Amino acid sequence: MKDVTFGQYYPANSIVHSMNPAVKILLTIAYIVAVFMVKQFYFLGFAACLLAVILITILAKIPFLKVLKSVKAVIFFVLLSAILQLLFNKNGTPLWKGGFITDVGLLTAGFITARIVLMVLGATLLTLTTSPVDLADGIETLLFPLKLIKFPVHEFALIMSIALRFIPTLIDETDRIIKAQKARGADFDSGNIFKRAKALIPVLIPLLISSFRRADELADAMDARCYAGSKKRTKYKKTPFTVSDFFGLVFMAGLIVGVVFLNGFII
Amino acid sequence: MEQIIAKDLYFTYDKQTPALKGVNFTVQKGEYVAIIGHNGSGKSTLARLLNGLLTPTLGTITVDGIVVGDKKTLFEVRKRVGVVFQNPDNQMVASIVEDEVAFGPENLGVPRKEIKERIDFALSAVGMQDFKRATPSRLSGGQKQRIAIAGVLALKPDVLVLDEATAMLDPQGRKEVLSTVQKLNKEQGVTVVAITHYMEEVTKADRVIVLSDGEMVFTGTPKEIFLKQKELKNLGLEVPLAVYIAQKLKEQGVEIDGDVLTQSDLAEALCKL
Ligand SMILES: Nc1ncnc2c1ncn2[C@@H]1O[C@H](COP(=O)(O)OP(=O)(O)O)[C@@H](O)[C@H]1O
Ligand SMILES: [Mg+2]
C-alpha cells in the first residue's frame with residue numbers, strides 16, 4: 001500500500017505537462033464546453049473533439065491505453081443511459097417492423113455515450129498531465145479574483161496543499177493500524193457489508209485521534225516558522241505563462257471554431 | 001556572549017502542578033547545549049518557551065536581549081530561534097522539498113529571489129541539495145528530518161532548538177542528523193540546544209543541563225555530568241555504555257587513562273594498557 005500514488009498523474013517531459021496548471025484547467029473547461037456545443041446528432045463535431053484528444057495524448061507522451069482506462073470508471077453510467085435510451089425512447093421510427101428500438105433512440109444513445117466518454121477523456125488528460133500539487137496551485141490562481149469578495153484564497157489553498165501533503169502519511173498510517181488490528185485478530189475480509197463496515201471502526205478511531213495530534217503538532221511547527229496568515233506573505237512558487245500555454249489557447253480556440261463550423265453539416 | 005538568558009522560569013499548564021519550577025540558565029553564543037531528563041521532566045515545555053510557543057507563567061527569557069513571550073517581538077524571536085520537533089511527518093506543510101523549505105521565508109515576506117538563495121543555502125547546509133524537487137514522503141526518516149532542519153535554517157536563525165529530533169529515527173538517520181547539527185554548530189556558528197535521551201548525543205555537547213520534575217538539577221560538561229552516575233540513575237537516566245564500562249573497569253582496578261566519553265575514547269584507552 002506504501003506505493004499508492006493517489007490521483008493518476010503520469011509524469012513525463014512534455015509540452016502539455018509543462019503548461020501552466022491554471023491555463024490547463026481553463027482549457028479543460030473550454031474543451032468540455034466544446035463537447036457540449038456539438039449539436040444533437042451532428043457527430044462530426046465529436047470527431048473533431050476525439051481528434052483533439054488524440055493529438056493532446058500524443059503531445060503529452062501518454063500511452064493511449066492509460067487515457068482510455070479512465071472510461072472504465074464511468075462505464076456503468078454510460079451503459080445505463082444508453083440502454084435506457086434504446087429501450088424507452090419512442091421518438092422516430094422503429095428500426096425494424098414492430099421493433100421497440102427506434103432510429104432516434106439509437107442515435108440518442110450513441111450521442112449521449114460519445115458526449116460522456118469524450119468529456120471523461122478530456123478531464124483525464126488534465127489529471128494525467130498535472131500533479132495534484134500543481135492542480136491545487138492552478139485552482140489557487142483561478143480563485144484569486146475571489147479575494148475581491150474577501151474569500152480567504154490563501155487559506156483555502158494552504159488547506160488543499162496540506163491535505164495533499166498528508167494523504168501519503170495517512171495511507172501509511174491506515175495500513176499500519178489495519179496490520180496492528182489484524183495482529184490482534186480483527187477480521188476485515190468476511191461477513192456482509194455491514195459487518196465489514198463495522199470492522200473498520202477500530203481502524204478509523206485511532207486514525208482520527210492521531211490526526212488530531214498531527215494537526216496540533218503541525219500547527220506548532222507552522223507557528224514556529226513564523227506563520228501568520230496571508231498578510232505580507234510572499235509566494236515562492238511561480239508558474240509563468242509560457243509559449244506552450246499560448247499554443248494551448250490557440251489549439252482550443254481552433255477546436256471550438258471547428259465544432260461551431262461542423263455544427264453546420266449533418267450526415 | 002550570553003545569547004539566551006532564562007531567569008526563574010515557571011510554567012504551568014491548566015493550573016495543575018507546574019511543568020517548570022524556577023529554572024535558571026544561560027546559553028552562550030555558538031554553544032552546543034544538551035538537555036536531558038526523564039519523560040515529563042519539562043524538556044518540551046522548555047523548548048516551547050524558548051521561541052514563544054508558550055509564555056512563561058513567571059520569570060523571563062531573553063534571546064539576544066529580546067524578551068520572549070511579548071506579542072510585539074514574537075516574530076523577531078521566532079526568526080532567531082528555530083525549533084525542530086520529534087516527528088518529521090508532522091512538521092511539513094508541502095509535498096515538494098523546495099516548497100517546504102520556502103514556507104518560513106514566505107511567511108516573513110522575503111522576496112522571491114532571496115527565498116531561492118535561502119533554499120539553496122539551507123539545503124546544502126544539511127546536505128540535501130540534490131533533493132530540491134523530491135517528495136518528502138518518499139524520503140527516509142533521517143532525510144526528512146534534515147529537510148525539517150533546512151526549513152528552519154531558511155529563516156536564518158541564530159539558535160537551533162531540537163526537541164528529541166532524533167527520537168523517531170533509525171541509527172543511520174540519527175547519525176545523519178547529529179552530524180548535520182554538529183556541522184552547523186561548528187561551521188556556521190549556530191547555537192544549538194539539543195533535547196535528547198540518547199546519551200551518545202550528549203557526549204558531543206559543550207554543556208549539559210539535566211532537568212528533573214521541572215527543575216534544573218545539574219549543569220556541567222558531559223564529563224562532569226557522567227561522573228554523577230549514581231545521581232543520574234536515580235533520575236532514571238543512563239550514562240553512555242563506554243563511560244559505564246570505563247568506570248566499572250576503574251572500580252576493578254584497571255588503570256584507564258584520561259577521560260572516556262565515547263567508544264573511540266574507550267578503545268584508545270584500552271589499547272594503551
Ligand atoms: N499540553 C499539555 N497540557 C497539560 N499538561 C501538559 C501538556 N504538555 C505537557 N504537559 C505536562 O507537563 C509536564 C512536562 O511535560 P514535557 O515538557 O512534555 O516533558 P518532556 O518533554 O520532558 O517529556 C508533564 O507532566 C506533562 O504531563
Ligand atoms: Mg518531550
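Every chain is numbered from 1, with letters handed out A, B, ... down the list of sequences. Small disclaimer: the values here were computed from a predicted structure and weren't measured.
Minimum heavy-atom separation, B/F85 to A/A221: CE1-CA, 3.7 Å. Between A/A224 and B/L155, the shortest heavy-atom contact is O-CD1, 4.3 Å. Across every non-hydrogen atom of A/K237 and B/E106, the tightest pair is N-OE2, 4.2 Å. Closest of all the heavy-atom pairs between B/N107 and A/K232 is O-CE, 4.2 Å. Heavy-atom minimum distance, B/S95 versus A/S161: OG-O, 4.3 Å. In plain terms, the two heavy atoms of B/V93 and A/M222 that are nearest each other are CG1-CG, 3.6 Å.
In this structure, the side chain of A/T234 engages the main chain of B/V110 through a donor-acceptor pair within 3.5 Å.
Taking 4.5 Å as the limit, some side-chain heavy atom of B/D89 sits within range of a side-chain heavy atom of A/R165. When side chains are defined from C-beta on, A/Y227 does not count as touching B/L108, because their heavy atoms never get closer than 4.5 Å. You'll find the side chain of B/Q91 stays beyond 4.5 Å of the side chain of A/D220, heavy atoms only. Proximity of B/R112 to A/K235: side-chain heavy atoms (C-beta onward) are nowhere separated by under 4.5 Å.
Cation-pi geometry between A/R225 and B/F103 is not met: the NZ or CZ atom fails to fall both under 6.0 Å from the ring centre and inside 45° of the normal.
No part of B/K113 comes within reach of chain A, as not one of its non-hydrogen atoms sits under 4.5 angstrom from that chain.
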